[in-house]
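Values in this document were obtained by computation on a predicted structure and should not be read as measured data.
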Amino acid sequence: VGCVVGNRDAAPAALKHVVNNLGGEGAARYAGSETRAVGGFLFLRLFCPAIALPQYFGLSIEANRPPGPRARRGLILCTKVLQSLANGVAAGAKEPYMK
């Protein structure tokens, strides 16, 4: 999350506006939670979907072709770990098989 926040100048203006408002609301409701709110939002709505569904974001090797079942499972597990980290939760806290 720190790396993403550190590169905020490269983000589109509309995204900066949304993230700024989200951070402000997070700080107003829960003191000190603005980074967690912004990180959770970015990973849940942008990064994790692109990782789990690369064919929809132009990230797959063959356009419009989804990864195979094993690769897909690996990508989804990767997104679970990233989302947990962005939310400040220990990876595998809810799912013992991920420990």
request  = Kindly work out whether a path of hydrophobic side-chain contacts (I/L/V/M/F/W/Y, heavy atoms less than 4.5 Å apart) joins V19 to L46.
outcome  = yes

key: More than 12 heavy atoms from other groups under 6.0 Å of OH on Y56   = no

key: Separation between CD1 of I51 and CD1 of I76, rounded to the nearest 0.5 Å   = 11.5 Å

inquiry  = Please give me the minimum heavy-atom distance between P67 and Q55, naming the atom from each residue.
reply    = CD-OE1, 3.5 Å

inquiry  = Grouping I, L, V, M, F, W and Y whenever their side-chain heavy atoms are under 4.5 Å apart, do V38 and V18 come out in a common cluster?
reply    = yes

remark   = Correct closest heavy-atom pair for Q83 and C48 would be OE1-SG, 3.9 Å

message = Assigning hydrophobic clusters by single linkage (Ile, Leu, Val, Met, Phe, Trp, Tyr; side-chain heavy-atom cutoff under 4.5 Å), is F41 placed with F47?
response = yes

inquiry  = Return the CG to OG1 distance between L53 and T79, rounded to the nearest 0.5 Å.
reply    = 9.0 Å

message = Does F43 form a side chain to side chain contact (heavy atoms under 4.5 Å, CB included) with L85? I'd like the steps, not just the answer.
response = CA-CA 10 Å; F43 279 87; L85 292 172; over 6 Å; no

ask   = Taking a hydrophobic cluster as the set of Ile, Leu, Val, Met, Phe, Trp and Tyr residues connected by side-chain heavy atoms closer than 4.5 Å, whether directly or through intermediates, do L42 and L75 fall within one such cluster?
value = yes

